[in-house]
Asks: 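Encoded as structure tokens, here's the structure I'll be asking about.
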Amino acid sequence: AETKFYALVWLFSAFINSVMQEVLVRGYLYQMIKNNYNIVVAVLISTGLFTFAHGGAFEAGILPVLNVITMSLFREAVFGNTESLVAPIVIHFLWNGVGAIILGGVSLAEDYPHLFNMVISGNSILSGGSCKIEGSIVVLFMNLILMFGFVMAKKKRDKNL
């Protein structure tokens, strides 16, 4: 029972963390930069700041950095299309809450617990190595497919309007 209680506390913590990051990066900085400059500058700066805020990725190598960048870009595309922080917050929380705290397949920080310990072995490019799945080329491809699918769906919807 104690483990479940702590898991709920950590899930709540991950949710609050996701909310705060999205409110700061996309809700405030992105909007301010977009209003004062343009959308390209807003995307570049907010994605850059979000990526640098996840400094552990830089210690781990290029794949984790690319994965943070591409997931940030995906959430920015979702935010730009929905004009709501709800979807980016949910996406961010699912990655951190389910991927890290429940499955243990994403390394948030060393002090975050996890209920399970998802381990993928083999080639570190495919498995993510010490970064777990977050450092994997599989996640990079997943992020690129999500972005591509989202952009194509938006283009199709805009064409039909």
Asks: Compare every heavy atom of Pro64 with every heavy atom of Gly135, then report the nearest pair and how far apart it is.
Replies: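 Heavy atoms of Gly135 and Pro64 come nearest at CA-CG, 3.8 Å.
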
Asks: Indicate the atoms forming the closest heavy-atom contact of Leu115 with Ala7, along with that distance.
Replies: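 Distance-wise, the nearest heavy atoms are CD2-CB, 3.6 Å.
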
Asks: Rounded to the nearest 0.5 Å, how far apart are CD of Glu76 and CE of Met147?
Replies: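 Output value for this atom pair is 11.0 Å.
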
Asks: Looking at Ile145, Leu146, Val138, Leu144, which hits side-chain contact (heavy atoms from CB on, under 4.5 Å) with Met142?
Replies: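 Exactly one candidate clears the test, Leu146.
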
Asks: Should Ile125 and Val139 be counted in the same cluster of Ile, Leu, Val, Met, Phe, Trp and Tyr side chains packed under 4.5 Å apart?
Replies: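 Yes, Ile125 connects to Val139 through the hydrophobic network.
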
Asks: For the residue pair Ser46 and Ala42, what are the closest heavy atoms and their distance?
Replies: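 That closest heavy-atom pairing would be OG-O, 2.6 Å.
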
Asks: When clusters are formed by joining ILVMFWY residues with side-chain heavy atoms under 4.5 Å apart, either directly or through shared neighbours, do Leu49 and Val68 land in the same one?
Replies: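 No; tracing contacts between hydrophobic side chains, which count when under 4.5 Å, never links both residues.
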
Asks: Could I get the full list of side-chain hydrogen bond (donor to acceptor under 3.5 Å, both in side chains) partners for Ser136, not counting sequence neighbours?
Replies: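 So Ser136 forms no side-chain hydrogen bond (donor to acceptor under 3.5 Å, both in side chains) with any residue.
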
Asks: When clusters are formed by joining ILVMFWY residues with side-chain heavy atoms under 4.5 Å apart, either directly or through shared neighbours, do Met20 and Trp10 land in the same one?
Replies: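 As far as the 4.5 Å side-chain criterion goes, Trp10 and Met20 are connected within one cluster.
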
Asks: Are Ile33 and Leu85 grouped together when hydrophobic residues (ILVMFWY) are joined by side-chain heavy atoms under 4.5 angstrom apart?
Replies: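 Each belongs to a different hydrophobic cluster.
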
Asks: Return yes if a side-chain donor-acceptor contact under 3.5 Å exists between Gln31 and Asn35, otherwise no.
Replies: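 The criterion, which ignores hydrogens and geometry beyond distance, is not satisfied for Asn35 and Gln31.
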
Asks: Show your working on side-chain contact (heavy atoms from CB on, under 4.5 Å) between Ile91 and Met71 and close with a plain yes or no.
Replies: CA-CA 9 Å; Ile91 293 166; Met71 184 49 80; 4.0 Å; yes

Asks: If you measure from CG on Leu29 to CG on Leu24, what distance do you get to the nearest 0.5 Å?
Replies: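 These two atoms lie 4.5 Å from each other.
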
Asks: Please lay out, stage by stage, how Phe93 and Val98 fare under the test side-chain contact (heavy atoms from CB on, under 4.5 Å).
Replies: CA-CA 8 Å; Phe93 171 68; Val98 174; 5.8 Å; no

Asks: Where is the tightest heavy-atom contact between Asn96 and Ala14, given as atom of each residue plus distance?
Replies: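 Where Asn96 meets Ala14 most closely, the heavy atoms are CB-CB, 4.4 Å.
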
Asks: With Asn117, which residues qualify under side-chain hydrogen bond (donor to acceptor under 3.5 Å, both in side chains), at least two apart?
Replies: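 Counting only residues at least two positions away or on another chain, Asn117 forms a side-chain hydrogen bond (donor to acceptor under 3.5 Å, both in side chains) with Lys132.
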
Asks: Could you walk me through whether Glu134 and Trp95 pass the side-chain contact (heavy atoms from CB on, under 4.5 Å) check?
Replies: CA-CA 10 Å; Glu134 196 168 34; Trp95 182 259; 3.1 Å; yes

Asks: For Val78 and Pro88, work out which heavy atoms get closest and say how close.
Replies: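 Minimum heavy-atom contact is CG1-CD, 4.2 Å.
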
Asks: ring-ring contact (aromatic ring centres under 6.0 Å, His included) with Tyr28: which residues, sequence neighbours excluded?
Replies: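 With sequence neighbours excluded, Tyr28 shows a ring-ring contact (aromatic ring centres under 6.0 Å, His included) to no residue whatsoever.
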
Asks: With a 6.0 Å cut-off (strictly less than), is the heavy-atom count around OH of Tyr37, excluding the residue itself, greater than 12?
Replies: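 No - once you tally the heavy atoms of other residues, nucleotides and ligands closer than 6.0 Å, there are 12 at most.
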
Asks: Look up atom CD1 in Ile89 and atom CZ in Arg26, then write down how far apart they are to the nearest 0.5 Å.
Replies: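 It is 10.0 Å, given to the nearest 0.5 Å.
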
Asks: Does the gap between the ring centers of Phe50 and His92 come in under 6.0 Å?
Replies: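 Yes; His92 has its ring centre under 6.0 Å from that of Phe50.
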
Asks: I'd like to know whether Val25 forms a side-chain contact (heavy atoms from CB on, under 4.5 Å) with Tyr30, so could you lay out the CA-CA distance, the side-chain angles of the two residues, the decisive distance to 0.1 Å, and finally the verdict.
Replies: CA-CA 6 Å; Val25 173; Tyr30 174 88; 5.7 Å; no

Asks: Rounded to the nearest 0.5 Å, how far does OG1 of Thr51 lie from CD1 of Ile69?
Replies: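 It comes to 4.5 Å.
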
Asks: So, for Leu126 and Ile133, which heavy atoms are closest and what is the spacing to 0.1 Å?
Replies: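 The pair with the smallest heavy-atom distance is O-CD1, 4.3 Å.
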
Asks: Report yes or no: do Met32 and Val23 belong to one cluster of Ile/Leu/Val/Met/Phe/Trp/Tyr joined by side chain heavy-atom distances under 4.5 Å?
Replies: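 No, it is not one cluster - the side chains of Met32 and Val23 are not joined through contacts under 4.5 Å.
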
